[in-house]
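A short write-up of the structure that comes next.
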2 protein chains.
Amino acid sequence: MNSTEADGPQDRLLDAAGEVFAERGFDGATIREITRQAGMNVAAVNYYFRDKDELYAATLRHAHSAACELPYAEEAALSAEERVHVFVQNLLRRFLDPLRPRWHGQLMAREMASPTRIFGQVIEEAFRPKCAWLQRALVELCGDRFSGADLDYLTTSIIGQCTFYRQNRQVIQSLFPGLLSPDNLVERLARHITDFSLAAVRNMKPHHPSLSNEPILKSR
Amino acid sequence: MNSTEADGPQDRLLDAAGEVFAERGFDGATIREITRQAGMNVAAVNYYFRDKDELYAATLRHAHSAACELPYAEEAALSAEERVHVFVQNLLRRFLDPLRPRWHGQLMAREMASPTRIFGQVIEEAFRPKCAWLQRALVELCGDRFSGADLDYLTTSIIGQCTFYRQNRQVIQSLFPGLLSPDNLVERLARHITDFSLAAVRNMKPHHPSLSNEPILKSR
DNA sequence: ATAAAAATGAAACATTTGTTTGAAACATTC
DNA sequence: GAATGTTTCAAACAAATGTTTCATTTTTAT
């Protein structure tokens, strides 16, 4: 029933902790439920980790590092369009890929909604570089039509579409039953979000006709 | 320091509960902190409501009903484009409008991430009709180019962009400092998301060239 | 003004929960 | 095989928390 079997007791604890933390949140999760699910004694968490806080931190690091290695190709190798697609694919995979334990993305979604101190690291070390990667592709796509805050808006529009599916799973299931069920879900979603966003970026006019002093050009 | 003053003690409790629940979540919030913030005794929650659960339910209903009356115009009065704009505006207002207490949107975001039983009602009574309202506008925009699941994808793309700003406020502040600070934030965001989405909808090809049997048309 | 009802407050109660302890079981090493 | 270090377990502890009680104060109605 578990994801990665035949590991040490620490890993069994981490897996159980991940599931329970993801399901109930930090405050809702109890040490007793975690250890029961791991088939261990309550004292185990004090033995292998110091306390609940450190167990949580370890769980978070575990989830992130396990979900981290995704193929970001060399930028020169792909067109800007393809890079946007790769970005969306990777983000969705991290969140929704049924091959990796469901609680990874669930826990990350929780953290994005109300981050703990540990998560600040993850933001800086993982999110920020990926965002810059995406923004370079976007700049290549729109030239000087967008810059500054407008570029950030484009970025958040794309990321927002992706995170929505992870952070609102149950609401989506209620409103659009069946939408999340196809087994090639990630690929279909990635295709849609990429097409949607590329169509938008290509055909959209900037709000603030750029901060520079060049004349406003009719877009495309 | 509070939002709506000069109400009965129940309302003072509800306001305090809203802030604490929004800040700490249901499990993280303690009755003692809530009543202390409301300047009342712990017994008050048992007196006015039965227990913590019902206090939470009342808080949720309070937040939703207070945030519910937003102007959804008659459909005939506005163009499809304008209706998309109104939808986006209203969603963002509900979440981000600095005029209404911050915890309203915060609490709603928490519920969307991991809904309780009470929230099911809110989904059915409020979200579903609004979604249908948006989808009618989208159908008017794309004619028969999109249908079924594709229409749902369009819908979630729009909603996802809006909810992102509420559910990931802190992460956004880290990655894009200043993006959330302008005082006409809601209007700017609404304008961007609407333009972005309309440009996408108008220029995008459907993935599954519709389920009907008509020939695939080159999209305008 | 007086009685009834509503509201409040301090303390106590019963659980839950994070944490610790110390003994027993197990493994490893010399 | 004894000695040593490591891991597991049941029980206990202390603090926190939801809930209740009941006496007291305040308000309302007659």
Side-chain angles (χ1 to χ4, degrees), chain A residues 2 4-63 103 107 110-111 114 116-119, chain B residues 2 4-63 103 107 110-111 114 116-119:
Chain A
N2 249 344
T4 44
E5 211 64 59
D7 272 322
Q10 297 100 324
D11 298 275
R12 246 184 339 157
L13 238 186
L14 278 182
D15 272 334
E19 285 186 32
V20 179
F21 279 136
E23 184 69 29
R24 307 231 191 281
F26 180 83
D27 291 303
T30 74
I31 300 248
R32 284 174 171 79
E33 183 178 356
I34 291 171
T35 49
R36 184 162 41 76
Q37 175 148 345
M40 313 174 84
N41 191 272
V42 271
V45 47
N46 178 278
Y47 183 75
Y48 289 108
F49 308 87
R50 208 171 54 76
D51 51 18
K52 192 186 180 185
D53 281 301
E54 201 175 311
L55 172 63
Y56 183 76
T59 306
L60 208 63
R61 276 190 290 266
H62 178 52
W103 61 266
L107 198 64
R110 261 186 199 283
E111 277 290 325
S114 49
T116 59
R117 219 161 294 110
I118 308 112
F119 199 61
Chain B
N2 250 346
T4 44
E5 211 64 61
D7 272 322
Q10 297 99 323
D11 298 276
R12 249 187 338 163
L13 239 186
L14 279 182
D15 271 335
E19 285 185 32
V20 179
F21 278 137
E23 184 69 29
R24 306 229 191 282
F26 180 82
D27 292 300
T30 74
I31 301 249
R32 283 173 171 80
E33 183 177 356
I34 291 171
T35 49
R36 184 162 41 76
Q37 175 148 344
M40 313 175 84
N41 192 272
V42 271
V45 48
N46 177 279
Y47 183 74
Y48 289 107
F49 308 87
R50 208 174 52 78
D51 52 17
K52 190 184 180 185
D53 281 299
E54 200 177 311
L55 172 62
Y56 184 75
T59 305
L60 209 63
R61 276 190 291 267
H62 178 51
W103 61 266
L107 198 65
R110 258 186 202 284
E111 277 291 325
S114 49
T116 60
R117 219 161 295 110
I118 307 112
F119 199 61

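What you are looking at is a predicted structure, and each value in this text was computed from that prediction instead of being measured. In the text below, chain A, chain B and the rest are named by the order of the sequence lines, each starting its count at 1.
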Going 5' to 3' along DNA chain D, which are the first and last nucleotides with any atom under 4.0 Å from a heavy atom of chain A?
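Going 5' to 3' along DNA chain D, contacts run dT6(D) to dA12(D).
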Who are the side-chain contact (heavy atoms from CB on, under 4.5 Å) partners of R50(A), not counting sequence neighbours?
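Counting only residues at least two positions away or on another chain, R50(A) forms a side-chain contact (heavy atoms from CB on, under 4.5 Å) with E54(A).
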side-chain contact (heavy atoms from CB on, under 4.5 Å) involving N41(B) - partner list, sequence neighbours excluded:
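Only A43(B) meet the side-chain contact (heavy atoms from CB on, under 4.5 Å) criterion with N41(B).
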Bend angle of the helix from dA1(C)-dT30(D) to dC30(C)-dG1(D), end axes from five pairs each (to 10°):
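So the angle between the two local helix axes works out to 10°.
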Does any part of the side chain of [Y], heavy atoms only, come nearer than 4.5 Å to the side chain of [X], both counted from C-beta?
X: T59(B); Y: L107(B); value: yes
X: Y47(B); Y: M40(B); value: no
X: T116(A); Y: E111(A); value: yes
X: D15(A); Y: W103(A); value: yes

Separation of R36(A) atom CZ from dT16(C) atom C1', in whole Å?
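One finds 14 Å between C1' of dT16(C) and CZ of R36(A), rounded.
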Applying side chain to side chain donor-acceptor pair (under 3.5 Å), name anything that partners T30(B), two or more places apart in sequence or on another chain.
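T30(B): no side chain to side chain donor-acceptor pair (under 3.5 Å) contacts found.
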Listed in order of residue number, which residues of residues 46-57 of chain B have a non-hydrogen atom at under 4.0 Å from DNA chain D?
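Per residue number, the list reads N46(B), D51(B), K52(B).
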Minimum heavy-atom distance between R110(A) and A22(A), given as atom pair plus value
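For R110(A) versus A22(A), the nearest heavy atoms are NE-O, 2.9 Å.
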Heavy-atom pair of closest approach, residues L13(B) and A38(B)
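Heavy atoms only, the tightest pair is CA-CB, 4.2 Å.
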Scan for ring-ring contact (aromatic ring centres under 6.0 Å, His included) pairs involving residues 9-42 of chain A, sequence neighbours excluded, and state none if there are none.
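ring-ring contact (aromatic ring centres under 6.0 Å, His included) check on residues 9-42 of chain A returns F21(A)-F26(A), F21(A)-Y56(A), F26(A)-Y56(A).
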Using modelled atom types only, decide if a donor and an acceptor are shared between the side chain of R32(B) and the backbone of V42(B) within a distance under 3.5 Å.
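Pair absent, no side-chain N/O of R32(B) close to backbone of V42(B).
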Could you pull out all residues at least two apart from E33(B) that satisfy salt bridge (charged side-chain N to carboxylate O under 4.0 Å, His left out)?
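Only R24(B) meet the salt bridge (charged side-chain N to carboxylate O under 4.0 Å, His left out) criterion with E33(B).
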List, with names and distances, any nitrogen or oxygen atoms from the protein found under 3.5 Å away from nitrogen or oxygen atoms belonging to nucleotides 9-13 of chain C.
from	atom 1	to	atom 2	distance (Å)
dA10(C)	N7	N41(B)	ND2	3.3

